Amino acid sequence: MESSQPQSKTIAKNTLFLYFRMLVTMAIGIYTSRVVLQQLGVDDYGIYNVVGGFVSMFAIISASLSTAISRFLTFELGKGHEEKLRSIFSTAVIIQGGLSVIIVLLVESFGLWFVNSEMNISPDRLTAANWVLQCSLIAFVFNMISVPYNACIIAHERMQAFAYISLLEAGFKLGVAFLLFLPVNDPLILYAILITVVSVIIRQVYWIYCKRHFPESRMSFKVDKEGLKEMLSFSGWNFIGSSSGILKDQGVNVLMNIFCGPAINAARGLAVQVNNVVYSFCSNFLTAVNPQIVKTYAKGEIDRMLSLVRRSSKFAFYLLFIISLPLILEAPFVLDVWLTTVPERTVGFVRLILILALSESLSLPLQYANQATGNIKLYQICVGGLQLLNFPISYILLYAGIEPESTFVVAICISQVALAARLLILRKSIGLSIREFFCEVYLPVIVVIVIAVPIPWIAYYMINMQRVSGFFMVCMLSLCISIAAIWLVGLNRYEKSYLKEKIKKLNKRTINPNAKN
């Protein structure tokens, strides 16, 4: 257990940096979304969301390779192969540059036709929609080329860089929101241009940081043929999983536009915004954990990796659950306070997307564990194949005239089936015990839900008092019961002892800042 202490400290330190970033960017992001919706209007906000998301769908071509880049950089860093690390990085940048050319050609041909002919956009807003398409494409290309640089930062676990650069980005976006108050002919076009400028600037900042701190990020135009073969092999099978994720999110978003119109896209976009804010409470933790899972596997410490995977799955769910429960209950009040105009169906979308996030949070560490092994063929065929079902099933339901909320219900059900598939596959590939996962992760999570949900839910419907007072009472009740349930039945003896030790150290540092660890 002694060697696990530096690992735990690294995860804790990086998680703190990421949470600091989250708190500030969350506050700025919430206000920015309110201003943007107010200045653009529901339909234009929906157009920006669906057209920008449509461009993101072309990440199907590159997303699988992006995952491969992150995995191979982290793996080689864990092995300590500096020369191999440098060649992998340069090869990754060259590949991403080539793929970006292909994507530009596709968007400028098929993309233009689809937006102008097939999407449900008012004819008088097609010009603005085309501006959004072109601006989104520029930002997308810069994001693609910067993937190896961002992967370098994660591999080296320099999460403070993400924190500071994200704060800069949030500040720029806040400035863009204020500029929308200027009298202009078309606020949507102005917003699309300014957000693209911000994206380009932030990408440049990441490049400069990497070149100054990581020797392997200094580009050479020599392709590592062996590394290229390994990455393409890895990404070839990973294509199924990446495609399924993109179609589940952006593909279904486009279907909603075709069958329901841009106002539904605005509601879904706002629900995604709420989900992104809430999900950051566990995604920051998982971002800090992911490199440790890969590096532990690279060192051959399989038992320690499996233990880390189980704890990460459980803690990720708990972090998300504590925040999600009051928001699921009080979604109408929160949206009324946050937005000047709440688009129709936003409340239902918010509740369902948070439940979906809770369901998927259990699976992410399992996904990282599989990527660490590099043996992803069976995993992607089974899990990716299941996730791909989201798109055709959603199409059938929307075509049949069933309410758009049904698409979220489909995603929730499939995510649980995919969790079972992940466990079966990882049992075969790395010896993960399904019994241990069920007893140590899934069962405690279910018990916590059963204990924590009923009383706040009843309180939400039964308490008859002023809306603000009722909101705070339900939130405090949810928070207290959730934490109590997690502590009493959700954590084992070792996890409780570990948390108590950390709390004692935190108290000592508060009293005596100069105290040693």
Side-chain angles (χ1 to χ4, degrees), residues 1-19 74 78 154 157 159 279-324 357-373 419-420 422-423 426-427 429-449 452 482-506:
M1 295 304 295
E2 290 178 4
S3 61
S4 68
Q5 290 303 314
Q7 181 189 76
S8 299
K9 289 180 180 178
T10 300
I11 293 173
K13 179 181 177 182
N14 288 331
T15 303
L16 286 174
F17 275 119
L18 292 170
Y19 273 108
T74 306
I154 293 176
E157 302 183 67
M159 303 309 172
Y279 196 67
S280 61
F281 279 86
C282 79
S283 66
N284 287 330
F285 166 73
L286 291 172
T287 300
V289 167
N290 184 19
Q292 293 290 345
I293 292 176
V294 177
K295 290 176 182 178
T296 305
Y297 178 83
K299 295 175 182 177
E301 300 171 349
I302 305 301
D303 290 339
R304 183 169 295 162
M305 184 196 75
L306 292 175
S307 177
L308 182 59
V309 166
R310 289 192 295 269
R311 291 200 306 271
S312 300
S313 293
K314 184 159 59 173
F315 288 164
F317 180 90
Y318 291 155
L319 287 169
L320 192 59
F321 181 75
I322 290 171
I323 306 299
S324 296
L358 285 166
S359 178
E360 292 183 334
S361 66
L362 292 168
S363 295
L364 283 175
L366 299 174
Q367 179 181 327
Y368 299 152
N370 180 75
Q371 290 171 358
T373 68
L419 173 61
R422 288 183 175 99
L423 292 172
L426 289 174
R427 180 180 65 177
S429 62
I430 57 176
L432 184 145
S433 170
I434 296 178
R435 181 180 179 278
E436 286 184 3
F437 189 91
F438 180 81
C439 294
E440 295 182 20
V441 181
Y442 204 83
L443 186 59
V445 160
I446 295 299
V447 174
V448 166
I449 293 173
S482 298
I483 293 175
I486 290 169
W487 183 260
L488 293 174
V489 300
L491 300 176
N492 59 38
R493 185 179 302 174
Y494 170 78
E495 291 160 350
K496 290 179 182 179
S497 299
Y498 176 80
L499 288 177
K500 286 178 181 179
E501 182 181 347
K502 290 299 178 183
I503 293 172
K504 287 180 181 179
K505 288 184 178 180
L506 183 62

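A quick note: this is a predicted structure, and the numbers were derived from the prediction, not measured. The chain is numbered in sequence order, starting from 1.
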Worksheet entry | Stepwise side-chain contact (heavy atoms from CB on, under 4.5 Å) check, Ser482 with Tyr318 | CA-CA 9 Å; Ser482 298; Tyr318 291 155; over 6 Å; no
Worksheet item: So Arg304 and Thr296, side chain to side chain donor-acceptor pair (under 3.5 Å) or not? Walk me through it.
Response: CA-CA 7 Å; Arg304 183 169 295 162; Thr296 305; over 6 Å; no
Item to complete: Check step by step if salt bridge (charged side-chain N to carboxylate O under 4.0 Å, His left out) holds for Lys314 and Glu440.
Response: CA-CA 8 Å; Lys314 184 159 59 173; Glu440 295 182 20; over 6 Å; no
Discussion item. The criterion is ring-ring contact (aromatic ring centres under 6.0 Å, His included); which residues satisfy it with Phe321, sequence neighbours excluded?
Written reply: Phe317
Practice prompt. Could you tell me which non-hydrogen atom of Ile430 sits nearest to which non-hydrogen atom of Ala369, and how far apart they are?
Written response: CD1-CB, 4.2 Å
Discussion item. If I compare all heavy atoms of Lys496 with all of Leu491, which pair ends up nearest, and what's the gap?
Written reply: CE-O, 3.5 Å
Worksheet entry | Interatomic spacing from CG in Asn492 to CZ in Arg310 - rounded to 0.5 Å | 10.0 Å
Practice prompt. Write down the atom of Pro444, the atom of Val489, and the distance for their closest heavy-atom approach.
Written response: CB-O, 4.0 Å
Worksheet item: CD1/Ile293 to CG/Leu308 distance, rounded to the nearest 0.5 angstrom?
Response: 5.0 Å
Worksheet item: In Å, rounded to the nearest 0.5 Å, how long is the span from OG of Ser433 to CG of Leu426?
Response: 12.0 Å
Fill in: Residues Arg311, Ser307; criterion side chain to side chain donor-acceptor pair (under 3.5 Å); working and verdict
CA-CA 6 Å; Arg311 291 200 306 271; Ser307 177; 2.7 Å; yes
Practice prompt. Output the distance between atom CG (Leu319) and atom OG (Ser312), rounded to the nearest 0.5 Å.
Written response: 10.5 Å
Fill in: Within-4.5 Å side-chain heavy-atom neighbours: Leu358 and Ile449
no
Practice prompt. State the CD1-CD1 distance between Ile483 and Ile322, to the nearest 0.5 angstrom.
Written response: 5.0 Å
Discussion item. Among residues at least two apart in sequence or on other chains, which ones pass side-chain hydrogen bond (donor to acceptor under 3.5 Å, both in side chains) with Ser359?
Written reply: Ser415, Gln416
Worksheet entry | Geometric class of the Tyr442/Phe438 ring pair [parallel <30°, tilted 30-60°, perpendicular >60°] | parallel
Item to complete: Mind checking the CD1-CD spacing from Ile486 to Glu495? Nearest 0.5 Å is all I need.
Response: 11.5 Å
Fill in: Which atom of Ala316 lies closest to which atom of Ser361, heavy atoms considered
CB-O, 4.1 Å
Worksheet entry | Sub-4.5 Å side-chain heavy-atom contact between Val448 and Leu488 | no
